[in-house]
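Just so it is clear: chains get the letters A, B, ... in the order the sequence lines come, proteins before strands, and each one is counted from 1. From a predicted model like this one, the values you see are computed outputs, not experimental measurements. What's counted below: heavy atoms across the whole structure, side chains too, no hydrogens, waters or symmetry copies.
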Number of protein chains: 2
Amino acid sequence: MEEAGVVDSEEARFLEEYDAEAFDRPSVTVDLVILTASHYQLWALLLPRDAHPFKGAWALPGGFVGMNESLEDAAKRVLKDEAGLEEVFLEQLYTFGEPRRDPRTRVITVTYYALVDETQVVDALARKGLEPLVRLKTPWQGEAGGPVEAYEAGRQLELAFDHAEILGMAVKRIRGKVNYAPIGFQLLPPTFTLRQLQAVHETVLGQRLNKDSFRRRMLSSGELEATGEWETEVGHRPAELYRFKSLTAI
Amino acid sequence: MEEAGVVDSEEARFLEEYDAEAFDRPSVTVDLVILTASHYQLWALLLPRDAHPFKGAWALPGGFVGMNESLEDAAKRVLKDEAGLEEVFLEQLYTFGEPRRDPRTRVITVTYYALVDETQVVDALARKGLEPLVRLKTPWQGEAGGPVEAYEAGRQLELAFDHAEILGMAVKRIRGKVNYAPIGFQLLPPTFTLRQLQAVHETVLGQRLNKDSFRRRMLSSGELEATGEWETEVGHRPAELYRFKSLTAI
DNA sequence: AAAATAGTGTCTATGAGACACTATAGT
DNA sequence: ACTATAGTGTCTCATAGACACTATTTT
């Protein structure tokens, strides 16, 4: 804001005397919901905790916000350091701050969600030697909201802190967003078929969609561009590959 | 979360030794956008600052988050203490945390927006002897987003900190929400005519709506209930008064 | 040839906009 | 009587769903 530059001598004196230590202050962290879609399931990156509290439970990647670091920069730092990911879709989700959500001390966490295509995140995690992604199960329909369950190898995982609720908020958010914003392509490789795009939408929404009207809606949205190339080795008539125009415009 | 109750002796020892002072911590505040609609204009409560920084500029009501207070409780406290309002629609908006947004020190602010009907907020402010509401002007269409301008008595006001941006985010949010959620009634008295409801939608969206389809859409939404009463003294055929079903259900 | 999915064309149902018309208050 | 807005009925147009049909690949 340009008004911040308006500093007269009275204001300079005030700033010098201001005591930043006058109030108790909570810790502030960022936590990340890194989502991908595959095999008609949503998956998130969760890390097993090796320290108390919630030792052995699974937690979202996160970290403290540096004193001279913006919230978004902190989220990007965590995304890179903990998942090896850069240049992906990242958006603020919600801020959670119940006084007892962390038993150690007051921690307010600003959450972000990232959408990544499966091959990209699997490659990045393999380079870091990390655990595989965790499958999410959403025990509610539509945008009702609520906590989400997480599974690995068929077994339900215990989630640390209020992270089940945070994951639920992320699913609720993208379910709302997929209907009016082109976020499906964030979960796909650069070129993709309409059937792949429909599968991603169906995965996000947790329900089947009509093939005909989905095609018409996507093609008439003006967001897609045919590449003139077709998929290969698919055991049926190959579909044309498309790309998102807004991505090529960046 | 119920998992928080799982405390063995090892975890108890760990919690005792945990040093909450180990990291520098930012200040955390809540700031409130208290919105109302009247005369085809959006209005917000802004308070003139009598201290540095931004002395003389106008700021959103806000306050520090107490160490044992949830974010929503802090927002409700500010709403009551600074505007005299209780039991109104209140929802988290966004968290702003650029390192230099407050020149004194690092302040991260969790913003909330409240929707209040005009008579209610005018009465409440009058009881507190506060300045009148400030008129907002949104120099962008639809949900493009961006900062908002504020006017009082025809003169544009200087806004403190990043509050023009926060106001812009609030307008963007309700523009998106009014199309799929029944938030119009939050800005109206308990009973209202369809024309009043349309005026509120038009004010929020910043554009005129078709009368016929608006009536049909509202009546077929199942959210409205006719009261059997009609407005009076209006200089034309009086309209029936409606109320929102979801309000009576609470 | 069979299986599977891609892609096109057409019919129908639904909802929004446009418009015409009647109804009822205040002035 | 005139003005302004409420409220109803009908027509048209755009879009979603349903369905039928053809096209093209692998097995």
Side-chain angles (χ1 to χ4, degrees), chain A residues 37-40 142 175-176 178-182 184-185 188-189 191-244, chain B residues 37-40 142 175-176 178-182 184-185 188-189 191-244:
Chain A
S38 167
H39 297 87
Y40 285 96
R175 280 196 184 169
V178 78
N179 286 318
Y180 66 89
F185 73 98
L188 288 168
T191 66
F192 49 86
T193 66
L194 289 175
R195 190 67 193 80
Q196 286 178 292
L197 182 59
Q198 183 175 346
V200 164
H201 279 238
E202 289 173 337
T203 304
V204 167
L205 293 170
Q207 65 179 39
R208 289 311 186 106
L209 298 173
N210 179 278
K211 174 189 137 187
D212 306 301
S213 72
F214 183 83
R215 285 182 65 87
R216 256 186 319 222
R217 186 153 53 91
M218 288 300 131
L219 291 174
S220 67
S221 74
E223 298 278 357
L224 294 184
E225 192 173 54
T227 63
E229 295 175 2
W230 276 259
E231 59 181 344
T232 54
E233 303 166 1
V234 280
H236 53 77
R237 172 172 169 180
E240 186 163 13
L241 294 168
Y242 289 81
R243 73 169 69 88
F244 269 92
Chain B
S38 166
H39 297 88
Y40 285 96
R175 280 195 184 169
V178 78
N179 286 318
Y180 65 88
F185 73 97
L188 287 168
T191 67
F192 49 85
T193 67
L194 289 174
R195 189 67 194 80
Q196 285 178 293
L197 182 59
Q198 183 175 344
V200 164
H201 278 239
E202 289 173 338
T203 304
V204 167
L205 293 169
Q207 66 180 36
R208 287 312 184 107
L209 297 174
N210 179 278
K211 173 189 138 188
D212 306 306
S213 73
F214 183 82
R215 285 183 65 87
R216 256 186 319 221
R217 188 153 52 91
M218 288 300 131
L219 291 175
S220 67
S221 73
E223 297 278 358
L224 295 184
E225 191 173 53
T227 63
E229 295 176 1
W230 275 260
E231 60 181 345
T232 54
E233 302 167 359
V234 281
H236 53 76
R237 173 174 170 178
E240 185 163 14
L241 294 168
Y242 289 81
R243 72 169 70 88
F244 269 91

Starting at atom [atom1] of [X], determine the distance to atom [atom2] of [N], rounded to an integer number of angstrom.
X         : N       : atom1 : atom2 : answer
Glu231(B) : dG7(D)  : CD    : P     : 8 Å
Leu219(A) : dT8(C)  : CG    : P     : 8 Å
Leu209(B) : dA18(C) : CG    : C1'   : 15 Å
Tyr180(B) : dG15(C) : OH    : C1'   : 21 Å
Gln207(A) : dA16(D) : CD    : P     : 15 Å
Met218(A) : dG7(C)  : CE    : P     : 15 Å
Phe192(A) : dA6(C)  : CZ    : P     : 14 Å

- Note on the structure: Scoring nucleotides 17-27 of chain D by protein non-hydrogen atoms under 4.0 Å (B base, S sugar-phosphate only, - none) yields BBB---BBBS-
- Task: Using the side chain to side chain contact (heavy atoms under 4.5 Å, CB included) rule, take Leu197(A) and Phe244(A) through it: C-alpha gap first, then chi angles, then the decisive distance, then the call.
- Result: CA-CA 11 Å; Leu197(A) 182 59; Phe244(A) 269 92; 4.3 Å; yes
- Item | Cation-pi check, Arg208(A) onto Tyr40(A) ring (under 6.0 Å, within 45° of axis) | yes
- Item | Partner set under ring-ring contact (aromatic ring centres under 6.0 Å, His included) for Phe214(B), not counting sequence neighbours | His201(B)
- Item | Contact under 4.0 Å: Arg215(A) side-chain N or O vs dA6(C) OP1/OP2 | no
- Query: Does Gln207(B) reach the side chain of Leu209(B), with side-chain heavy atoms less than 4.5 Å apart?
  - Reply: yes
- Query: Do the side chains of Val200(A) and Val178(A) get nearer than 4.5 Å, heavy atoms only?
  - Reply: no
- Query: Taking all non-hydrogen atoms of both residues, which atom of Leu194(A) and which atom of Met218(A) are closest, and how far apart?
  - Reply: CD2-CB, 4.4 Å
